[in-house]
Amino acid sequence: MTISREIQPLPLDEAPIRKALEDAHLPSLLPALAQITGDLSLLRDDLVPETVLLTDPQGGLSAEAQAKARELALQTLVAWRDAGSVVAPPPSMTDVRRMMDYLIGEHVSDEYLPLLLEELAFADKDARAPEWNKDAINADRSMRVLIIGAGMSGILAAHRLQQAGIPYVVVEKNADVGGTWFENTYPGARVDSSNHAYSYSFMQKFDWPYHHSPQEVLLEYFSDCATEFGIRDNIRFNTEVESVTYDEGRAVWAVKVRGPEGDETLEAEAVVSAVGQLNRPKMPNIAGVGAFEGPAFHSAQWDHSIDFAGKTVGVIGTGSSASQFIPHLSDMAGEVRIFQRTPNWYAPAPNYHERVSEGFLWLATHVPTYAQWYRFWLFWAISDGFLPMVEVDDDWQPGDEVTGKLNGELRDLLAGSMRNYLESRPDLIEKTLPDFPPASKRIVVDNGTWPKTLLKEHVHLITEPIERVTPRGLLTEDGEEHELDVLVYGTGFQASKFLTPMKVVGRGGADMHEQWDGDARAYLGITMPNFPNFFFLYGPNTNIVVNGSIVYFSECEVQYVLECLKFLLESGQQAIDCRTDVHDAYNERIDAGNLKRAWGVSSVPSWYKSDSGRVAQNWPFTLLEYWQQTKTMDPADYVLL
Ligand code: N01
């Protein structure tokens, strides 16, 4: 089991405490100490952080203030240990608010408090667990739920249904759980949000080895969650859903699956799609794909049998995946030719490849609530406060390099960082600096590895468009044929083709894909008209761009789905079908919101948009708003069947 939430006793020797404090994240440590001792005077005015910025973890505290804070922490921990290491009773709301205010250096708005308390999950309290049970509400009612997919969202949905006593089965096409973390095994795959935030709020892990852990650590985490939740026996592995059809007369979904034993039809009163947005590899629409005679594969289907030593490897694409595996390829291969169609913005994350320091780890596993306060700090640093940086000002014009004042400041920061690295190669600066606003497409996380890779002599960045794939390599429009030994497609996923290739047929024979007509929409990203009791997790317009972790969204979505099921049990209704007017009005607002964001107005290609150019993936508003909207279910939004 890798999910450790154990807190070790403090040692009698002061030396290890003092040593660990050298690595302390002080803005998180002092509220933790205030909480365990109940002594809020520790949150001294002279030690209040000025900022919450990922690039300035100590919040602008001067060296002198940091030294004072460390000494104060040492004295406090020693005294607390000597008094028996008894954790003070849970703090009052007023006290929690004071701790939060201290940590972020300003007043936390009232609206955020309940959300933040859930996210903090002190004392292992799972505030989002259903406090009801199906049989207590209606033991006789048949309420079987079929979940498609056992990745991060599917595991979560299964756990919540189990907590509520609702029978469920999970159908998973792969041989094990983990979804994206099971499939993407390319070298260098790691989570590009901090894993202290990219984890379930109620299953926080205190001993993450890295700030951004590699794929195998994330896979282990989700796998251990599945085991600990006790859901594995309800998962049918190596089984793929082919079609889902609603039987109106019986208010039951017939789910046709293909598994090791052949085809079978399962029945359920409700279906939860947890298939993810970045699930089906996308091959580029370049002439001759398939013509290359050497080994060729997509990043999500990495061929681990290949020995790259001495080989010339071509890579199409420079998105988040390619930016992670190309540096590793450059260590292994003789030559790497990178074919870039559109450049990216790179966000500096200095700790991207770093192990969590020993001192931090020690504190996280010896000081109760320290890890949770660090999660809160991250939540604040990456969340709603960041949104204004991608807003479109009223005087924005198509073609502008920034969408507004703050976006311009972000641009300067990112461009400055890239220029510094590539100072010696103006040609690379020219090729890598985008002429479009930051956040028009996904900003790639980096710690300087990308520009350093480009500077290697055997790495070539080619921006000449590809004309076609040939048996020997890639022909670019300037007439040059780039001969390759291996070709890797880092070309992303069919993100806007939600639920492809499944066929889903709802009320009145409505076909889900036909209804969407290439442009997926849903109410809250969760339900859509004509598909009663069918719920999406990570559905249309629930992807976040700059603010937060996608696990947070899944937790909100699952909470809403559970509310819907509870309503069905309590009301005795057979099914709920989203009202068309509610769905349409909601989507109008989403579209208008996205048009006020960099990714909505920009014309650069990105997986955020469907073929029509509409942003079908992204949520344009705050995290708070999504939490508020999904906290409860309003029956008035639905046709009751
Ligand atoms: O895919 P992408 P990705 N000709 O779609 C290029 C998540 N992720 O797999 O920019 C030439 O971003 C395309 O060029 P362009 C993360 O959310 C998470 O890299 O469209 N080039 C682009 O460069 C990420 O955003 C982690 O002009 C073509 C690339 O292929 C998402 O997955 C790690 C082309 C595709 O980039 C997808 O990232 C990795 C063509 N015809 C990924 N077609 C984590 O850490 C496409 N391209 C959790």
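Every number for a ligand or one of its atoms is a count from 1 in the order of the listing.
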Q: Is it the case that atom NZ in K173 sees more than 12 heavy atoms from other parts of the structure closer than 6.0 Å?
A: yes
Q: Strictly under 6.0 Å, is that where the ring centroids of W627 and F379 end up?
A: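 That pair fails the under 6.0 Å test.
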Q: I want to know if ligand 1 touches W181 in the polar sense, i.e. an N/O pair below 3.5 angstrom.
A: no
Q: What's the shortest distance from atom 29 (C) of ligand 1 to any protein heavy atom, and which residue and atom give it?
A: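 Sorting protein heavy atoms by distance from atom 29 (C) of ligand 1 puts G490 O, 3.2 Å first.
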Q: Who gets closest to atom 3 (P) of ligand 1 by heavy atom: G188, S321, G319?
A: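 Result: the heavy atom closest to atom 3 (P) of ligand 1 is in S321.
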Q: Tell me the protein heavy atom at minimum distance from atom 47 (N) of ligand 1, and give that distance in Å.
A: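 The closest one turns out to be T491 CG2, 3.9 Å.
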Q: Are R597 and N407 linked by a side-chain donor-acceptor pair shorter than 3.5 Å?
A: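 Absent: no donor and acceptor within the cut-off.
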Q: For ligand 1, does H212 get within less than 4.0 Å through its side chain, its backbone, both, or neither, judged by non-hydrogen atoms?
A: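 Within the 4.0 Å criterion, H212 makes no contact with ligand 1.
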Q: Please say whether more than 12 non-hydrogen atoms of neighbouring residues, nucleotides or ligands are located less than 6.0 Å from CD in E401.
A: yes
Q: For S299 and ligand 1, does the shortest N/O to N/O distance drop below 3.5 Å?
A: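 No, no N or O pair falls under 3.5 Å.
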Q: Below 30° counts as parallel, above 60° as perpendicular, anything between as tilted: where do the rings of Y200 and Y221 land?
A: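 Aromatic pair Y200/Y221 classed tilted.
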Q: Below 4.0 Å from ligand 1: does a non-hydrogen atom of Y186 turn up there or not?
A: yes
Q: Under a 4.0 Å heavy-atom limit, does Q340 contact ligand 1 with its side chain, its backbone, both, or neither?
A: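 The answer is neither.
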Q: Looking only at protein heavy atoms, which one is nearest to atom 37 (C) of ligand 1, and what is the separation?
A: W607 NE1, 3.6 Å
Q: Can you name the atoms of ligand 1, numbered from 1 with element, that are less than 4.0 Å from a heavy atom of F493?
A: 9 (O)
Q: As an exercise, identify every atom of ligand 1 less than 4.0 angstrom from a heavy atom of N285.
A: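 Listed by number with element: 41 (N).
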Q: What's the shortest distance from atom 1 (O) of ligand 1 to any protein heavy atom, and which residue and atom give it?
A: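 Closest protein heavy atom to atom 1 (O) of ligand 1: G492 CA, 3.1 Å.
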Q: With no hydrogens and no angle check, just 3.5 Å: does a side-chain donor-acceptor pair link R375 and S199?
A: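 Yes, S199 and R375 have a side-chain donor paired with an acceptor closer than 3.5 Å.
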Q: Please determine which of Q324, Q215, H298 meets the side chain to side chain donor-acceptor pair (under 3.5 Å) test together with Y186.
A: Q324
Q: Would you mind running through ligand 1 and noting each atom that sits below 4.0 Å from a heavy atom of D192?
A: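 In order of numbering, the contacting atoms are 44 (C), 45 (O).
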Q: Tell me whether R280 at atom CZ has more than 12 heavy atoms from other residues, nucleotides or ligands lying less than 6.0 Å away.
A: yes
Q: Should the proximity of T318 to ligand 1, defined as any heavy atom under 4.0 Å, be assigned to the side chain, the backbone, both, or neither?
A: both
Q: With a 4.0 Å cut-off on N to O distance, would you call E625 and R589 a salt bridge?
A: yes
Q: For atom 27 (O) of ligand 1, what's the nearest protein heavy atom and its distance?
A: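 The closest heavy atom on the protein side is T342 OG1, 2.4 Å.
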Q: Which pair of non-hydrogen atoms, one from Y210 and one from N195, has the smallest distance, and what is that distance?
A: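 Shortest heavy-atom contact: O-ND2, 2.9 Å.
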Q: If we only count N/O pairs under 3.5 Å, is I316 in contact with ligand 1?
A: no
Q: Does R190 reach ligand 1 with a nitrogen or oxygen that is under 3.5 Å from one of the ligand's nitrogen or oxygen atoms?
A: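 Between R190 and ligand 1, an N or O pair is found under 3.5 Å apart.
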Q: Could you tell me, atom by atom, which parts of ligand 1 come under 4.0 Å of a heavy atom of P605?
A: 20 (O), 27 (O)
Q: State, without any angle test, whether S496 and S610 hold a side-chain donor-acceptor pair at a distance under 3.5 Å.
A: no
Q: Is it the side chain, the backbone, both or neither of I286 that has a heavy atom closer than 4.0 Å to ligand 1?
A: side chain
Q: Within the 3.5 Å criterion, strictly below it, is a donor on T470 or E481 matched to an acceptor on the partner's side chain?
A: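 Indeed, the side chains of T470 and E481 share at least one donor-acceptor pair under 3.5 Å.
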Q: Give me the one residue out of W619, W599, Y538 that meets side chain to side chain donor-acceptor pair (under 3.5 Å) with N543.
A: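 With N543 as partner, W619, W599, Y538 yield a single side chain to side chain donor-acceptor pair (under 3.5 Å), made by Y538.
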Q: Could you list which atoms of ligand 1 come closer than 4.0 Å to a heavy atom of L278?
A: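 What qualifies from ligand 1 is 7 (C), 17 (O), 31 (C), 32 (O).
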Q: What residue and atom, counting heavy atoms only, is the protein's closest point to atom 8 (N) of ligand 1, and at what distance?
A: S320 CB, 4.1 Å
Q: Should the proximity of Y489 to ligand 1, defined as any heavy atom under 4.0 Å, be assigned to the side chain, the backbone, both, or neither?
A: neither
Q: Is the closest heavy-atom distance from I466 to ligand 1 below 4.0 Å?
A: no
Q: Out of K282, R341, Q277, whose heavy atom is nearest to atom 28 (C) of ligand 1?
A: R341
Q: If hydrogens are left out, which of K441, H298, R442 has an atom nearest to atom 17 (O) of ligand 1, that is, the closest non-hydrogen atom?
A: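 Among K441, H298, R442, the closest heavy atom to atom 17 (O) of ligand 1 comes from R442.
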Q: Would you mind listing which atoms of ligand 1 come within a distance below 4.0 Å of any non-hydrogen atom of G317?
A: 6 (C), 23 (O), 29 (C), 30 (O)
Q: Decide if atom CD of E430 counts as having more than 12 heavy atoms of other residues, nucleotides or ligands within a radius under 6.0 Å.
A: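 12 or below, so no.
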Q: Is it true that R419 and D412 have a side-chain N and a carboxylate O under 4.0 angstrom from each other?
A: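 No, no charged N to carboxylate O under 4.0 Å.
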